[in-house]
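Read the structure below first, then the notes.
Letters A, B, ... are given to chains in the order of the sequence lines, protein chains preceding strands, and every chain is numbered from 1.
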Amino acid sequence: MAAYIVRRLIWAAPVALLVSVITFSLLYLIPGDPAVMVLGEQATPDMVRDFRARFDLDKPYAARFVTWAGRVARGDLGRSWRTNETVAGMILAQLPVTVELTVLALLVGLAIGIPTGIVAAVRPHSRVGVLATVGAVFGLAMPYFFLGILLIYLFAYSLRLLPPAGFVPLTQDVLGNLRSMTLPSVALGAQMGAIIMRQTRSSMLDVIGQDYIRSARAKGLWEPVVLVRHALKNALIPVVTVAGLQTGRLFGGAVITETLFALPGLGRLVVNGVALRDYLVVQGVVLLMAVVVLLTNLAVDVLYGYLDPRIRQAA
Amino acid sequence: MTSRPAYLEAPEAPADRALARAPRVAAAPRPLAAGNAARFFRHLGRDRLAMAGGAMVGLVVVLAVLAPVVAPFDPAVQSPVERLQGPSRLHPLGTDEFGRDVFSRVVFGARISLVVGVVPVLIALLVGVPLGLLAGTASGLVDTILMRVIDALLSFPAILLAIAIVAMLGPGLGNAMIAVGIINIPYFTRLIRGQTLVLRELDFVLAARAIGASSLRLAVRHILPNNLSLIIVQSSLTIAASIVVESSLSFLGLGAQPPAPAWGSMLKMGYEYLLRNPTMAVSPGAAIFLTVLGFNLLGDGLRDAPDPRLRDR
């Protein structure tokens, strides 16, 4: 097991380095001079020179990368070119909203996906089974923002059950917070539900074909016990790991969902950063999310290796 | 073997992820050889979902090509007195905030969506497939380095990386297509590399190598043609994914710029006027949904047609 973990870490280290190189290099895609892009055409040569010196823009690529990587390693993501706040501080302030949204969306996805996936595997021709299978196909084709708009129209404007947008902090009002997060979580979690449903169905079908399920049935166990205690327990391992590997998708969807529902999370930080050409803010959030995805994948791989010895030997 | 880009479909199970890093013996690929073609199309023809998907894709293509004929109005002509009308006989899907005909704009939007679906896939094919062939045939250090870069690219949430690339390059349809093309590359590279690792151990490739074929000739003449069916399936699924990502970018104002009738930006404006005229948002949204659904169903059908028993697994 230790050797397996070390092998995964040896894999992750160069990938993490490459992630930071890619994130850093994003700034080089800016056409022309970033100083002019940020300050505007009217900037005097003095202002441009000051700006370039302050943000190290006058140094060569390698030198800038080393300085930047050294700062990032100490948690310093630079300062906003607009407000002069630290990027790390801006991220920390908005992080809780994104974390809450993605966790709730994941829960919505599991709550929809696992029960429907089981029914679709065990009773594929029942009404729920057919509905779940068709629903998953639809769910995968449904963009977050369109589902979100439909939910807003139905639950906020027509039925007036939930607020259409806006955010209430958890510390201020727990119920209000949940009300403001319900529609965004469903909009973001529905597609997860479709993915988890498909994975649950296919891994339940695999498990149900196994000999030990036949044995459990042969000795006369009550069917629900066979399904839950014997089949589901084994079928859920790949489901949970697949759910874990979806962190990136949830983050990406959160950017769209937060914009639609006006939630003050990292997604809105990015979208505002893009609008204001506040490149370091965009870069900071991109780096953070990629690193979190990398760490989650690593954790999932290690967990999977722990649960299934065959993986340890294969990798 | 194929999967939708991870931003649309679950990735391979973790077991496969770990195993995929080492060469493995997998089922021999099922090439679209001439003798199999008849059976392939017979299976495909029996697959009702795939046929429905094909019909949806066909409809979008026809609308895009015949847009000037189908659309009753010029998608750009404003008519302030008719603004924000609900559906009527004259305007079947109502009008937008400038009095433009929503139906005509949705029809012309099909052109943009097909282009933004196809061009990023072409970019990904042109870059991703050669890289996959290179990684699969070269192995060793080249393979290791390339696959680490691919792993790194896959660590970025796809939509976020696309947003960041467009943010740097500047908003616009062209840059959006470049960004979506870049995020599609790793999926093609990984797919082709995996298949190449299997193919290069098969007898016909070994035989070609034995008579002295160069690596380039092996890759282009022997391995690439046997990857074509995979590439077609992956392309169909990736077109769907690209349409979603581009319309997300347009929704954020980073893709096609007004007054271009892109479905994503129409949806954004429709959201602003949701209470006044819901069809303004629902029409482009439904167009995106049905187009993506069509390409997904068609791609699934193409994937399953060589062996219908694979369906649902």
Side-chain angles (χ1 to χ4, degrees), chain A residues 11 14-15 18-19 22 26-27 29-31 137-138 140-146 149-150 152-153 157 195 198-199 201-202 205 238 241-242 245-246 248-249 251-253 255-256 259-260 270-271 273-275 279 282-283 285-286 289-291 293-294 297 300-301 304-305 308 310-311 314-315, chain B residues 4 6-11 13-15 17-19 21-22 24 49 148-149 151-161 163-171 240 244 247-248 251-254 264 267-268 270-271 274-275 278 281-282 285-286 288-290 292-294 296-297 300 312-313:
Chain A
W11 164 81
V15 175
L18 285 166
V19 162
I22 294 170
L26 280 174
L27 291 181
L29 291 175
I30 301 170
V137 174
F138 281 21
L140 285 175
M142 181 62 106
Y144 304 110
F145 45 90
F146 185 40
I149 287 175
L150 292 179
I152 291 174
Y153 189 73
Y157 291 163
I195 291 163
R198 288 190 153 197
Q199 183 64 44
R201 182 189 58 185
S202 103
L205 283 173
T241 46
V242 161
L245 294 175
Q246 299 299 313
R249 178 203 305 269
F251 278 158
V255 175
I256 311 290
T259 310
L260 179 63
V270 166
V271 173
V274 171
Y279 300 118
V282 176
Q283 192 187 40
V285 177
V286 170
M289 286 192 171
V291 168
V293 170
L294 190 62
N297 287 2
V300 166
D301 276 358
Y304 207 78
D308 188 343
R310 286 170 302 177
I311 305 302
Chain B
R4 284 185 185 81
Y7 50 90
L8 256 192
E9 171 66 291
R17 279 162 41 88
L19 289 169
R21 285 181 202 107
R24 57 177 159 165
L49 284 176
R148 288 300 179 276
V149 174
D151 283 338
L153 278 172
L154 290 173
S155 299
F156 294 94
I159 293 179
L160 185 65
L161 187 59
I163 291 173
I165 293 172
V166 178
M168 303 301 163
L169 289 174
V244 172
S247 46
S248 307
F251 184 77
L252 297 174
L254 296 172
L267 197 49
K268 171 72 180 164
Y271 172 55
L274 196 55
L275 280 177
V282 174
I288 298 171
F289 171 69
L290 291 174
V292 171
L293 186 64
N296 277 347
L297 291 176
D300 285 345
D312 292 347
R313 300 313 294 270

At a heavy-atom separation under 4.5 Å, does [X] approach chain B through its side chain, its backbone, both, or neither?
| X | result |
| --- | --- |
| A:V19 | both |
| A:V270 | side chain |
| A:V137 | both |
| A:P14 | side chain |

Checklist entry - Where is the tightest heavy-atom contact between A:L140 and B:N296, given as atom of each residue plus distance? => result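 Looks like O-ND2, 4.1 Å.
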Checklist entry - If you look at every heavy atom in B:F251 and A:L260, which pair is closest and at what distance? => result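 Taking B:F251 first and A:L260 second, the nearest heavy atoms are CZ-CD1, 3.7 Å.
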Item to check | Which of B:P171, B:G253, B:A286, B:G270 touches chain A most, by non-hydrogen pairs under 4.5 Å | outcome: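 That would be B:A286.
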Item to check | Choice from B:S247, B:G170, B:A164 maximising heavy atom contacts with chain A below 4.5 Å | outcome: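 Looking at each of B:S247, B:G170, B:A164 in turn, B:S247 comes out on top.
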With only heavy atoms counted, which part of [X] is less than 4.5 Å from chain A, the side chain, the backbone, both or neither?
| X | answer |
| --- | --- |
| B:V166 | neither |
| B:L254 | side chain |
| B:L252 | side chain |

Next on the checklist: I'd like to check the side-chain contact (heavy atoms from CB on, under 4.5 Å) partners of A:I22; sequence neighbours left out, ordered by chain and number.
Outcome noted: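 For A:I22 the side-chain contact (heavy atoms from CB on, under 4.5 Å) partners, ignoring immediate neighbours, are B:A152, B:L153, B:F156.
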Item to check | All side-chain contact (heavy atoms from CB on, under 4.5 Å) counterparts of A:Y157, not counting sequence neighbours | outcome: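 A:Y157 satisfies side-chain contact (heavy atoms from CB on, under 4.5 Å) with A:I152, A:Y153, A:P164, B:L274, B:L275 only.
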Item to check | Between A:L27, A:I256, A:V255, A:L294, the one whose heavy-atom pairs under 4.5 Å with chain B are most numerous | outcome: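 Heavy-atom pair counts peak at A:I256.
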Item to check | Stepwise side chain to side chain donor-acceptor pair (under 3.5 Å) test for A:W11 and A:D301 | outcome: CA-CA 11 Å; A:W11 164 81; A:D301 276 358; over 6 Å; no
Checklist entry - Between A:F138 and B:F289, how do the two ring planes meet: parallel, tilted or perpendicular, split at 30° and 60°? => result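 The arrangement is perpendicular - the two ring planes meet at more than 60°.
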Checklist entry - Quick one: are B:S155 and A:V15 in side-chain contact, heavy atoms under 4.5 Å? => result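 The answer is yes; the side chains approach within 4.5 Å.
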